[in-house]
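Below is one structure; the comments refer to it alone.
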Amino acid sequence: MAKDKKLVEAITSMNDDFAQWYTDVIKKAEMVDYSSVRGCMIIKPYGYAIWENLQKELDNRFKATGHENVYMPLLIPESLLLKEKEHVAGFAPEVAWVTHGGDEKLAERLCIRPTSETLFCEHYANIIHSYRDLPKLYNQWCSVVRWEKTTRPFLRTLEFLWQEGHTAHATEEEAQEETIKMLNVYSEFCENVLAIPVIKGRKTDKEKFAGAKATYTIESLMHDGKALQSGTSHNFGDGFAKAFEIQYTDKNNQLQYVHQTSWGVTTRLIGAIIMVHGDDSGLILPPVIAPTQVIIIPVSQQKEGVLDKANELLSKLSAKFRVKIDDSDKMPGWKFSEYEMKGVPLRLEIGPKDIEKNQVVLVRRDTREKIFTPIDDLEETVENLLIDIQKSLLEKARELRDKKTYTATTLDEFEQVLNTTPGFIKAMWCGEQECEDKVKEKTSATARCMPFEQEQISDKCMCCGKPAKTMVYWGKAY
RNA sequence: CGGGGUGUAGCGCAACUGGCAGCGCGCUUGGUUUGGGACCAAGAUGCUGGAGGUUCAAGUCCUCUCACUCCGACCA
């Protein structure tokens, strides 16, 4: 009866089928819906609210580091896209084209932006003339379209929301400084806001962005041991500047090319939140970005005074926190499960027994610990608990990642680890793409990044045995 | 783009060898309930993903197509 019923409603267990678990969670937590266009998702209010909170936190950080928001057009003329060779080669296979306006065929077809480097470059060429015009620190929030072969909500969709920063600087040093500065903004954001620990480092040439001189990345590890590239920051050098003729006159009246950067994060981060923190009861959201931080659930709400008290607590807490009340006539047990599925960090139960004792029951989503709290201490306790949940989510994620991080000194060992205990594998590399290709071919793992924090695992490349240059984090990636 | 799986009510599924399209959950109304997914009663809901074909008759057989999903390759 009640037990069978629970089985009907339950989601797939993570350990049984991680991919199915993921799909169940995003559907049951009402984050997305599928649309009639292949590979495109409808982001529902709950999913979008998470994006909005994430956006707010990031945008504040961009502004605090001197960046300004702009908006570039959705459409890019083909001739403009073709200007930088490597860049086109990287994106051409996956762009969508607009060929008609109404019934009329266009003289030049337009692509729907897969990314906006070319537009920013064209614009920069027009507005940058003097060293006094530099640096230009622009960012835009928009969506882009990439015609991917296979798609998954949040992780890979044809259209996705993102932010792309594009900056132009007078010198190589300044551009490099900006590239690293924004990578640090991302990693600080991931750890403090999303409670996701990341590995910072540089991409190998094989993995770097089309047209970039160097790509830096933050890599995180999901519950199933797969890596997720969570944000990138590119140093373009003056490659784009030369292709688009972005030049300025320096103090010595010499014509110089600018040095550029770009950096971005996407709605994919929501996928990371799900797969880093979630459990078999559903989502677990870090309090800082949770659309609802506290859900109030009245118990025996038809009894005199219960709803009044619950609403009183609602208005009291709303001054400081994002709080909601569920006074629908569903059973309390149903509501408990529902908000666990949605990952609300704290549940507040209030019923006749509590009112009698002038207390409430607080329940943490992450540990399910029940805390009986006097109403007089409520605000302080809630505040402390939210801070503690945020903190312990990060700690727990870091512990898990460290536990799933291994080392290997030979390719056999590497394969063995990857097949038995998927995760990050730290191993030495000679620097040759040949070895990178071989690893991928044999194991389907890729070089996730060359971390800033290097370790000497051994002195030989785990693949070819030649002297090693770099320690690399390897892994299977989303 | 290659390989597998799936499309039937909002969701999960059933319908044998081709023969009236059904069940559970959810939904609506009324009532009783409420500290871990309540109960009773009465209802509503379908061009079986789409197009063509075979047949007296198609959810079922054939052809094509679209979407979803998983596994690879490609990518944020």
Side-chain angles (χ1 to χ4, degrees), chain A residues 1-12 17-20 22-24 27-28 33-41 90-95 114-115 143-164 186 203 206-210 215 217-220 227-234 262-272 281-282 297-303 306-307 326-341 347-355 360-361 363 368 370 372 440-441 444 446 476-478:
Chain A
M1 311 177 322
K3 210 171 182 187
D4 293 336
K5 169 133 185 169
K6 190 161 185 183
L7 286 175
V8 169
E9 302 269 344
I11 60 171
T12 309
D17 184 345
F18 193 79
Q20 189 58 50
Y22 177 82
T23 311
D24 286 354
K27 274 203 245 162
K28 292 257 178 177
D33 217 334
Y34 293 102
S35 75
S36 55
V37 185
R38 177 187 80 85
C40 293
M41 62 176 171
F91 282 101
E94 51 183 29
V95 292
T115 178
S143 73
V144 292
V145 169
R146 298 183 188 175
W147 219 260
E148 302 287 353
K149 316 275 191 203
T150 38
T151 58
R152 298 187 70 188
F154 291 122
L155 300 175
R156 176 158 299 110
T157 45
L158 288 200
E159 180 187 9
F160 57 90
L161 301 180
W162 78 345
Q163 142 294 299
E164 48 179 329
Y186 286 155
K203 284 284 187 192
K206 180 182 161 78
E207 301 283 331
K208 80 175 184 200
F209 180 82
T215 290
T217 177
I218 48 171
E219 297 285 326
S220 53
L228 189 80
Q229 178 174 310
S230 305
T232 48
S233 186
H234 315 287
S262 92
W263 26 274
V265 298
T266 76
T267 30
R268 172 179 261 197
L269 283 176
I270 297 175
S281 302
I297 298 179
V299 178
S300 299
Q301 63 186 38
Q302 82 290 356
K303 296 234 170 75
V306 172
L307 266 183
D326 187 343
D327 57 2
S328 68
D329 61 1
K330 300 265 199 233
M331 303 300 287
W334 187 92
K335 294 179 188 175
F336 297 164
S337 303
E338 176 70 8
Y339 294 98
E340 278 169 11
M341 183 59 66
R347 173 171 89 227
L348 188 158
E349 300 171 20
I350 174 98
K353 284 187 246 165
D354 303 307
I355 293 173
V360 301
V361 183
V363 184
R368 290 171 202 268
K370 279 194 175 189
F372 295 86
K440 175 143 198 200
E441 197 192 311
S444 86
T446 51
K476 290 193 188 178
Y478 271 99

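Proteins come first, then strands; the chains are lettered A, B, ... in the order of their sequence lines, and each starts at number 1. Values below: all heavy atoms of this structure, side chains included; hydrogens, waters and symmetry mates excluded.
- Between the P atom of rG36(B) and the NZ atom of Lys353(A) lies a distance of 8 Å, rounded to the nearest Å.
- For Glu94(A), whose side chain is taken as the heavy atoms from C-beta onward, the closest listed nucleotide among rC27(B), rU34(B), rC75(B) is rC75(B).
- The nearest pair of heavy atoms linking Lys335(A) to Ser328(A) is NZ-O, 2.8 Å.
- Rounded to whole Å, the distance from CD on Glu148(A) to P on rC74(B) is 12 Å.
- In this structure, rC56(B) forms a base pair with rG19(B), meeting either the Watson-Crick or the G-U wobble geometry with both donor-acceptor distances under 3.5 Å.
- Here Tyr34(A) reaches the OP1 or OP2 of rU69(B): one of its side-chain N or O atoms lies under 4.0 Å away.
- Partner assigned to rG72(B) is rC1(B), using Watson-Crick or G-U wobble distances below 3.5 angstrom.
- Pair assignment for rU8(B) gives none, since no Watson-Crick or G-U wobble pairing has each distance under 3.5 Å.
- Residue Arg347(A) places no side-chain atom within donor-acceptor reach of the base of rG35(B), judged by atom type and a 3.5 Å distance cut-off alone.
- Contacts of Gln302(A) with the nucleic acid, taken as non-hydrogen atoms under 4.0 Å apart, include base atoms.
- Nucleotide rC64(B): paired with rG50(B) (Watson-Crick or G-U wobble, both distances less than 3.5 Å).
- Judged by Watson-Crick or G-U wobble contacts below 3.5 Å, the nucleotide rA38(B) has rU32(B) as its partner.
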